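Letters go in sequence order (proteins before strands), and every chain restarts at 1. Computed from a prediction, not measured in an experiment: that's the story for all the values here.
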There are 2 protein chains.
Amino acid sequence: MVSSSEPSWDFYRTFLAVLEHGSLSAAARELGLTQPTVGRHIDALEESVGAELFTRSQQGLLPTDAALVLKPYAETLASTTAALLRAASGSKDKVSGTVRISASEVIGTEVLPPILADLQAKYPELVVELSASDAVEDLLQREADIAVRMVAPAQEALLARHIGVISLGLFAHRSYIARHGKPETVEQLRLHKLIGFDRQTAYIRMMMKRYPFLDGVRLSFRSDHSTALQNALRAGIGIGFYQTPLARRDANLVHLLPEVEVAIDTWVVMHENLKTSPRCRVTFDALVTGLLDYVRGSETEDQS
Amino acid sequence: MVSSSEPSWDFYRTFLAVLEHGSLSAAARELGLTQPTVGRHIDALEESVGAELFTRSQQGLLPTDAALVLKPYAETLASTTAALLRAASGSKDKVSGTVRISASEVIGTEVLPPILADLQAKYPELVVELSASDAVEDLLQREADIAVRMVAPAQEALLARHIGVISLGLFAHRSYIARHGKPETVEQLRLHKLIGFDRQTAYIRMMMKRYPFLDGVRLSFRSDHSTALQNALRAGIGIGFYQTPLARRDANLVHLLPEVEVAIDTWVVMHENLKTSPRCRVTFDALVTGLLDYVRGSETEDQS
DNA sequence: CAGATGATATACATAAATGTATGGTATCAT
DNA sequence: ATGATACCATACATTTATGTATATCATCTG
């Protein structure tokens, strides 16, 4: 028999801090503890799990394979405690406390701010955390309370509201058209400068499937940062996909080849347990109505 | 200003124990602490989250609404720490330590034991925890390491292996047929005693959709316990759905109306991170091959 | 109705975890 | 070389958390 009893859960927090900061001292500073204490926590945890977690050196602690295996679990613990504290924040019947929202970069940076501004004007005590990233945060891990998703939610425990489809089309800035002309057919796209993503995300793959001509196309500007792509597009660097309702806001963007269109289905998703929380309820509703407005913009454009 | 610093993570463990056992004293016994300590933990946690968590009384502690809101988070913490310790168990290259498997009741009780017996004979140091229940355990919450699922896995982070379809058919024991005769058409089923589930699970609903005649049927024996249903069937109480490969093992079970068949698709699913763990890898493989055998219906060794 | 049981709350002693101070060693810029 | 600055490890003092003992109240049981 090795471990007699379960280790203190605080050790996991310390463990994570050491992993993230690379040294006992740095972790101690982060946690408001002292270096010897952090060292003792790690020693105790190593004893409990029966494995070396770090190779000590004077320039810091290097995680072992065992430590890397445990890391995601510790991260889950951290995000769960954070979510717990968020859930506990705010009173029962007032709309106050913190709500964390996850959305794609484009939606998060371009579409949500005005919606959230209205919401916060209405509820001054509401604190909003917005995680705008194209990496999927997992609602079940409670990294976010509410998410705007581009995939149909599969899990039972999630409360989902279908928004509709956001239309993506090909756009270019007027200045680009002025210099390079306007492609009239899909084939002519090969002669143009195209802007696109670097890594392949799920929805890029979907797009590739739908428009195989995109596969061979050489991109003259690529980035994983949506904002960078967007600014590149607006700066007239080239032609790229852009959310139609967003493009309508900028009169200098020209819609090219309207027959090329990708529709991404959109949901607002929340964990079922949160529906009793006023601040989540209210935020959820605001996102739903705000995004419905936004999407409606893309449908009217469609008809033209 | 309310709470200056994050509460000890140990408080969450204590909190959960109090929730589950209903009193400070009982929680203290469970945790190997004393009643005053547990009381102090709860006090401190209430101070931190700024809410009353329990209404104290001499007959125990009654959770407030706030406590019930926090409960699922605390449960996630508990299952995550359990999973972490499981992940840490066993050495890096040997197949040892604990692996937790989740499966439906029927699969878990009837199909997996022989597969797991072979596996454990091969790897004596492997410890298997089997959760046989029709409630879905969540792999992302790491309640189980490996799951046998009847729904297609949606999450990206999961490593899934498609097994194929398990056929369900209508069966009855010979003794039942002897007493009540054999239904020759679907309509005649209404005249027979039927055995089925009490609550509606997802796959029951699917079945209803496929065979609408089942909807109005009055069940003369119902239970949520698969084993009870199975024993009822074998005792000759009535006619019920049964997994075809399982039924083959018992020569006394008669296949009725073979045109009525439900096929449930089956996957073995594991969290992607676990594929580097030998014990999970090995168990995953064993489950896949074992279940493939089962689905294929190769019952050469079974002569009961 | 009295006594046993099981609950929380409090006071005090004790054990345990933490902090402080210090020493040793690698790395880097001067 | 040579300080300066990171870092970890260890010894010792102190704070903090925990356990023990006890008081008090409610509920069940004979």
Side-chain angles (χ1 to χ4, degrees), chain A residues 3-49 51-68 70-71 74 77 81, chain B residues 3-49 51-68 70-71 74 77 81:
Chain A
S3 66
S4 51
S5 66
E6 200 190 345
S8 165
W9 287 9
D10 283 333
F11 293 170
Y12 302 131
R13 170 167 55 183
T14 306
F15 166 68
L16 194 59
V18 173
L19 266 177
E20 285 175 348
H21 295 87
S23 80
L24 298 182
S25 318
R29 280 193 296 273
E30 170 71 20
L31 295 168
L33 299 173
T34 57
Q35 169 256 315
T37 300
V38 172
R40 283 186 283 250
H41 282 188
I42 298 301
D43 288 344
L45 190 58
E46 285 180 330
E47 170 74 18
S48 282
V49 305
E52 291 265 311
L53 295 175
F54 298 94
T55 53
R56 268 89 163 166
S57 83
Q58 265 92 7
Q59 63 224 27
L61 273 75
L62 198 75
T64 63
D65 290 348
L68 295 177
L70 302 187
K71 188 179 180 192
L77 291 176
T81 57
Chain B
S3 66
S4 53
S5 67
E6 200 190 343
S8 164
W9 287 10
D10 283 334
F11 294 170
Y12 301 131
R13 171 167 53 184
T14 306
F15 167 68
L16 194 58
V18 174
L19 266 176
E20 283 174 350
H21 294 87
S23 80
L24 300 181
S25 318
R29 282 193 295 273
E30 170 72 20
L31 295 168
L33 298 174
T34 57
Q35 168 255 315
T37 300
V38 172
R40 283 185 284 251
H41 281 188
I42 298 301
D43 288 344
L45 189 59
E46 286 181 330
E47 171 72 19
S48 283
V49 304
E52 291 266 309
L53 295 174
F54 298 94
T55 52
R56 268 87 162 168
S57 81
Q58 265 92 6
Q59 64 225 25
L61 274 74
L62 198 75
T64 64
D65 289 349
L68 294 177
L70 302 187
K71 188 180 180 189
L77 290 176
T81 55

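Contact of the B/F54 side chain with the B/L24 side chain is not registered, since no non-hydrogen atoms from C-beta on lie closer than 4.5 Å.
Here the shortest heavy-atom pairing between B/W9 and A/D10 reads N-OD1, 2.6 Å. Taking all atoms of both residues into account, the shortest heavy-atom contact from A/A74 to A/F15 is CB-CD2, 4.0 Å. Residues B/S25 and B/Q35 share a closest heavy-atom pair of OG-CG, 4.0 Å. Shown here for B/R13 and B/L31, the closest heavy-atom pair between the two residues is CG-CD2, 3.9 Å.
Atom CG in A/L62 sits roughly 17 Å away from atom P in C/dA26 (whole-Å rounding). Taking atom CG on B/L31 and atom P on D/dT18, their separation rounds to 11 Å, with Å as the unit. Taking atom CG of residue A/D10 and atom P of nucleotide D/dA17, one finds them 11 Å apart after rounding to whole Å. Atoms CD1 (B/I42) and P (D/dT18) sit 12 Å apart, rounded to a whole Å. Note: CD (B/E47) to C1' (D/dA17) measures 17 Å, nearest angstrom. Between the CH2 atom of B/W9 and the P atom of D/dA17 there is a distance of 18 Å, given to the nearest Å. Nucleotide C/dA16 holds its P atom 13 Å from the CZ atom of A/F11, rounded to whole Å. Taking atom CG on B/L33 and atom C1' on C/dA16, their separation rounds to 13 Å, with Å as the unit.
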Could you write out each protein N or O paired with an N or O of nucleotides 8-12 of chain D at a distance under 3.5 Å?
from  : atom 1 : to    : atom 2 : distance (Å)
D/dC8 : OP1    : A/L24 : N      : 2.6
D/dC8 : OP2    : A/S25 : N      : 3.0
D/dC8 : OP2    : A/S25 : OG     : 2.4
D/dA9 : N7     : A/Q35 : NE2    : 3.0
D/dA9 : N6     : A/Q35 : OE1    : 3.3

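In this structure, the side chain of A/T55 engages the main chain of A/L62 through a donor-acceptor pair within 3.5 Å.
Look at A/H41 and you'll find a side-chain N or O under 4.0 angstrom from OP1 or OP2 of C/dT18.
When each of C/dG19, D/dT18, D/dC7 is scored by its nearest atom to the side-chain atoms of A/T37, the top-ranked nucleotide is C/dG19.
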